[in-house]
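These numbers come from the heavy atoms of this one structure, side chains and all, not from hydrogens, waters or symmetry mates. Naming convention: chains lettered A, B, ... in sequence-line order (proteins, then strands); numbering from 1 in each chain.
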Protein chains: 2
Amino acid sequence: MKVKGALDYFVIAPIFILGVFQECVNGRASLHSIPRPRPDDAANFARWLVSQSSWGVLNTISSDWGGAPFGNVVSFSDGLLDKGEGIPYFYLTTLDPTARNALKDQRSSFTSSEYSLGTCGKTDPENPTCAKITLIGKLVLVDGNSKEAEFARTALFVKHPEMKGWPKSHNFEVFKLEIENIFMINWFGGPKPLTVDQYLHAKM
Amino acid sequence: MKVKGALDYFVIAPIFILGVFQECVNGRASLHSIPRPRPDDAANFARWLVSQSSWGVLNTISSDWGGAPFGNVVSFSDGLLDKGEGIPYFYLTTLDPTARNALKDQRSSFTSSEYSLGTCGKTDPENPTCAKITLIGKLVLVDGNSKEAEFARTALFVKHPEMKGWPKSHNFEVFKLEIENIFMINWFGGPKPLTVDQYLHAKM
């Protein structure tokens, strides 16, 4: 009967543990289900990292603070679940400085860390083997009536369901990062050489 | 005996679950042990958020990419465990663009999200009740032989033990953010009014 107790435990506990794990990576259910590509497969790795992430820091030139680089925590999506297309879309309001900054100066970058995915284990977030990516380019407003905005809203709402209910009076609009350069470190030896074309045409 | 099985489970499983939880917030043991302050206690809340975080995105003006704001994932520390003093210290090498940028143009900001702490539950990272902070100021090199650098290295190595073993040939040096402005959102209604003086003198 002691054995039965132990069996109960080994059967039931993993289910609980799995439940907790799913809850606690980033404090929410994890989105990642595509296996981590090899670090030397730079294009696929970068696309994996972007598609599996749900938030990051969006950087603009601050008009309020003397042209300082201003980072802001934002949610984003580059497509439907496990069908990321590489271009990050954001849902921003000009009540927030980031959207206001971008409308004055489009220079921007968007930074995300693999650490958020929970796949770095005990490796330090600054260790080069815990991947990080910064997409550098222009932060532009997407025409709200375009097909692209419709796609972006669907992609955003799938990964961030509560966005759909955010106050209409705040006038949230779709922005995207038009990527011009990619800075990714996912192993020793400095940033991986990776063109925007290679990134956008990677087959996930 | 069925009861004993159940009892075994209820006694042992929470210990396992706790173990997994500690491991999987950010993929490493959680550092946070001080209770979350009330959102309207802005100074203490900001100090809590900074002291309990272990990484974020450090922004500089990129000389490589036409003055674009360049965010980079970094680890940091503002003091010993649960004894944060509010000023973020970094361990950077000029092999990385962030340190090189700062030596040319000190304008900088550092952004961290409560989402990384695992205390936002299912709330979206962009929701104002999941706190985010951006410290805006100057990123400066600290004299490596100063008492301040000694303090900073101790503070960094306590929270990031692997840093101590990082390659000497990479010439890692201590940088700090001299804070000039604080942007923190931790509730509805926009950024909390908070001066640098209030922040630095908060009693944790």
Side-chain angles (χ1 to χ4, degrees), chain A residues 1-2 4-9 12-13 16-17 20-21 24-28 54-57 59-62 65-75 91 95 97 107-113 115-116 118-127 132 134 136 160 162-163 180-181 183 190, chain B residues 1-2 4-9 12-13 16-17 20-21 24-28 54-57 59-62 65-75 91 95 97 107-111 113 115-127 132 134 136 160 162-163 180-181 183 190:
Chain A
M1 287 313 207
K2 194 101 214 268
K4 186 165 190 329
L7 268 178
D8 280 358
Y9 165 69
I12 303 169
F16 256 63
I17 291 167
V20 173
F21 187 78
C24 73
V25 168
N26 300 336
R28 65 186 346 213
S54 67
W55 67 281
V57 174
N59 313 301
T60 50
I61 297 285
S62 165
W65 291 301
F70 175 71
N72 203 349
V73 175
V74 295
S75 295
Y91 204 45
L95 293 174
R107 288 178 297 174
S108 178
S109 71
F110 177 64
T111 305
S112 196
S113 170
Y115 207 69
S116 304
T119 46
C120 288
K122 288 176 187 290
T123 303
D124 193 86
E126 196 173 310
N127 185 305
K132 55 183 178 178
T134 299
I136 302 116
H160 306 279
E162 68 169 74
M163 278 184 177
E180 295 171 350
N181 288 287
F183 174 89
Chain B
M1 286 314 205
K2 196 101 213 267
K4 185 165 191 334
L7 268 178
D8 280 358
Y9 165 68
I12 304 170
F16 256 63
I17 291 167
V20 172
F21 187 77
C24 73
V25 168
N26 300 336
R28 64 184 351 210
S54 67
W55 67 280
V57 172
N59 258 280
T60 50
I61 297 284
S62 166
W65 291 301
F70 175 71
N72 203 349
V73 174
V74 295
S75 295
Y91 205 46
L95 293 173
R107 287 177 297 173
S108 178
S109 72
F110 178 63
T111 304
S113 170
Y115 207 69
S116 305
L117 303 183
T119 45
C120 288
K122 289 176 187 290
T123 303
D124 194 86
E126 197 175 310
N127 185 304
K132 54 183 178 177
T134 299
I136 302 116
H160 306 278
E162 68 169 74
M163 278 185 177
E180 295 171 351
N181 288 287
F183 175 88

Open item on the list: If I measure from the heavy atoms of chain B, does A:Ser62 come under 4.5 Å with its side chain, its backbone, both, or neither?
Closed with: neither
Task: Per-residue contact mode, A:Ile61 against chain B (heavy atom under 4.5 angstrom) - done: both
TODO: Counting only heavy atoms closer than 4.5 Å, note whether A:Ser113 contacts chain B via side chain, backbone, both or neither.
DONE: both
- [ ] Could you tell me whether a side-chain N or O of A:His160 sits under 3.5 Å from a main-chain N or O of B:Pro125, the two making a donor and an acceptor?
- [x] no
Just list the side-chain donor-acceptor pairs under 3.5 Å for residues 66-73 of chain A, sequence neighbours left out, or say none.
{"unit_1": "A:Asn72", "atom_1": "OD1", "unit_2": "B:Lys132", "atom_2": "NZ", "d": "3.0"}
{"unit_1": "A:Asn72", "atom_1": "ND2", "unit_2": "A:Asp96", "atom_2": "OD2", "d": "2.5"}
{"unit_1": "A:Asn72", "atom_1": "ND2", "unit_2": "A:Thr98", "atom_2": "OG1", "d": "2.8"}

- [ ] Heavy atoms only, distances under 4.5 angstrom: which of A:Trp65, A:Tyr91, A:Phe110 has the most pairs with chain B? Name it, please.
- [x] A:Trp65
- [ ] Applying side chain to side chain donor-acceptor pair (under 3.5 Å), name anything that partners A:Thr111, two or more places apart in sequence or on another chain.
- [x] A:Asn59, A:Thr134
Open item on the list: Within the structure provided, determine whether B:Glu126 and A:Met163 are in side-chain contact (heavy-atom separation under 4.5 Å).
Closed with: yes
